[in-house]
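Take a look at the structure set out below.
Sequence lines set the chain letters: A, B, ... in the order given, protein chains first and strands last, and positions in each chain run from 1.
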2 protein chains.
Amino acid sequence: MTETDRRIAVFESQLKGAGLRMTQQRRLILRVLAEADDHPDAKGIFTRAFAHDPTLSLSTVYRTMKVLESQGAIERHAFEDGISRYEHADQEHHDHLIDVDSGEVIEFSSDAIEELQRRIAAELGYELVRHRLELYGRKKQPARRGGRKAP
Amino acid sequence: MTETDRRIAVFESQLKGAGLRMTQQRRLILRVLAEADDHPDAKGIFTRAFAHDPTLSLSTVYRTMKVLESQGAIERHAFEDGISRYEHADQEHHDHLIDVDSGEVIEFSSDAIEELQRRIAAELGYELVRHRLELYGRKKQPARRGGRKAP
DNA sequence: TTGCAAATGATAATGATTTTCTGTTAGGCC
DNA sequence: GGCCTAACAGAAAATCATTATCATTTGCAA
């Protein structure tokens with residue numbers, strides 16, 4: 001049984017427990033997500049899934065994303081363009097660095113920053129519930145002799 | 001001359017420098033923003049400004065926000081609901097803590113966290129261009145005898 | 001297998017934001 | 001002071017992601 005199959009099985013029992021059903025569409029979308037190593041948006045997920053089942057509709061993708069999110073199976077992020085992007089959730093917490101030139105999303109995590117955030121919230125009299133941290137950066141050229149970009 | 005007037009004057013000369021004009025509407029919107037101590041969205045700004053000039057239209061607010069932003073006079077933020085909120089920009093950089101219960105937005109800044117972010121980006125081979133940090137928290141009760149909320 | 005709640009697909013609706021269209025105005029120039 | 005015209009303004013239509021509606025289909029438990 002592949003990792004993807006295991007995830008789908010786990011989710012199916014989660015659904016059952018919530019009185020919801022496992023359908024072909026949900027299975028397919030879940031598979032697409034489990035196999036994605038990026039952060040696709042609804043349309044991206046739809047496109048990939050549609051290739052396997054041309055009867056699928058975009059509404060179903062949106063609806064399914066909501067179910068998946070409410071079950072904690074996926075995480076939703078909205079970076080600067082405001083569009084929701086998704087990734088499966090059974091992984092360690094992490095934040096994102098977005099390459100401002102290419103749009104590439106890099107995951108990272110830092111205990112130090114987590115701790116610091118908690119402390120800052122505490123100083124303000126708050127208990128940290130969650131946070132959103134996005135770094136926007138530009139790839140550094142490895143240091144070379146002289147100035148920028150040799151032809 | 002009030003602080004608000006000073007801000008408006010500064011902005012007027014900025015506009016001039018960019019070949020743009022100072023209009024009644026821009027003056028009004030700028031005044032509303034300068035006097036706001038919260039983070040209103042376009043509709044909120046429109047509502048407040050409309051009270052002073054019922055001929056103002058929402059499109060003008062949106063257009064003006066874009067001009068103001070391009071001139072660096074305001075900053076735009078989009079918290080979890082995805083709606084753009086604005087605040088005037090002539091202040092120190094800061095991040096936001098959002099009270100998950102009340103929606104209240106608290107500003108804070110931390111050199112430590114700025115530095116840490118820069119270092120994390122650097123470790124990933126990136127130069128930090130900007131970042132977005134939002135903490136979502138719940139107000140801590142001052143410690144009392146016993147458990148939560150006494151009736 | 002049958003019944004029915006839940007889910008789906010197609011499509012319309014929503015809501016924030018942007019663009020288009022067309023008429024108005026500021027402000028330098030004569 | 002009056003003209004000219006690019007920049008403006010307001011109204012309304014267009015966009016775009018997302019959500020709601022509704023008639024039809026489908027899991028799935030009895």
* B:Y86 six-ring centre to B:R76 NZ/CZ under 6.0 Å and within 45° of normal -> no

Are any of the side-chain heavy atoms of [X] and [Y] separated by less than 4.5 Å?
| X | Y | value |
| --- | --- | --- |
| A:Q117 | A:L128 | yes |
| A:D99 | A:Y136 | no |
| B:V61 | B:F50 | no |

Atom [atom1] of [X] and atom [atom2] of [N]: how far apart are they, to the nearest Å?
| X | N | atom1 | atom2 | answer |
| --- | --- | --- | --- | --- |
| B:I83 | C:dG15 | CD1 | C1' | 8 Å |
| A:L15 | C:dA6 | CG | P | 13 Å |
| B:D81 | D:dT18 | CG | C1' | 14 Å |
| A:L56 | D:dT26 | CG | P | 14 Å |
| A:R63 | D:dT25 | CZ | C1' | 12 Å |

* Does the side chain of B:S84 get closer than 4.0 angstrom to OP1 or OP2 of C:dT17 through an N or O atom? -> yes

* Hey, is the side chain of A:S59 pairing donor to acceptor with the base of C:dT11 inside 3.5 Å? ->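 In this structure, the two groups form a donor-acceptor pair.
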
* Determine whether the side chains of B:E114 and B:H93 contain a donor N or O and an acceptor N or O closer than 3.5 Å. =>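 Result is yes, a qualifying pair exists.
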
* Got a sec, which pairs hit side-chain hydrogen bond (donor to acceptor under 3.5 Å, both in side chains) with one end in residues 34-50 of chain B, sequence neighbours left out? -> B:D38-B:R48, B:H39-B:E87, B:H39-B:H96, B:H39-B:E107

* To do: State whether the number of non-hydrogen atoms from other residues, nucleotides or ligands found under 6.0 Å of A:E80 atom CD is greater than 12.
  =>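 Enclosed.
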
* Inspect the surroundings of CG in B:D101 and state if more than 12 heavy atoms from other residues, nucleotides or ligands are less than 6.0 Å away. =>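 Counting neighbours around CG of B:D101, more than 12 heavy atoms of other residues, nucleotides or ligands fall under 6.0 Å, so yes.
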
* Structure fact -> Sorted by number, residues from residues 22-38 of chain A placing a heavy atom under 4.0 Å from DNA chain C are A:T23, A:Q25, A:R26

* To do: Output the residues of residues 42-52 of chain A in contact with DNA chain C, where contact means a heavy atom of the residue under 4.0 Å from an atom of the strand; sort by number or write none.
  =>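 Those residues whose heavy atoms fall under 4.0 Å from DNA chain C, taken from residues 42-52 of chain A, amount to none.
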
Of all the nucleotides listed ([options]), which has the minimum atom distance to the side chain of [X]?
| X | options | result |
| --- | --- | --- |
| A:L20 | C:dA7, C:dA16, D:dA11 | C:dA7 |
| B:Y62 | D:dA17, C:dA16, D:dC22 | C:dA16 |
| B:R21 | C:dT25, C:dT20, C:dT8 | C:dT25 |

* Structure fact -> In terms of heavy-atom contacts, B:F46 and B:L58 come closest through CE1-N, 3.5 Å

* Structure fact -> The residue, B:E12 or B:K66, whose nearest nucleotide of DNA chain C is more 5′ is B:K66

* Asked: Given that A:D53 and B:L58 both sit by DNA chain C, which one's nearest nucleotide is further toward the 5' end?
  ->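 Nearest-nucleotide comparison on DNA chain C picks A:D53.
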
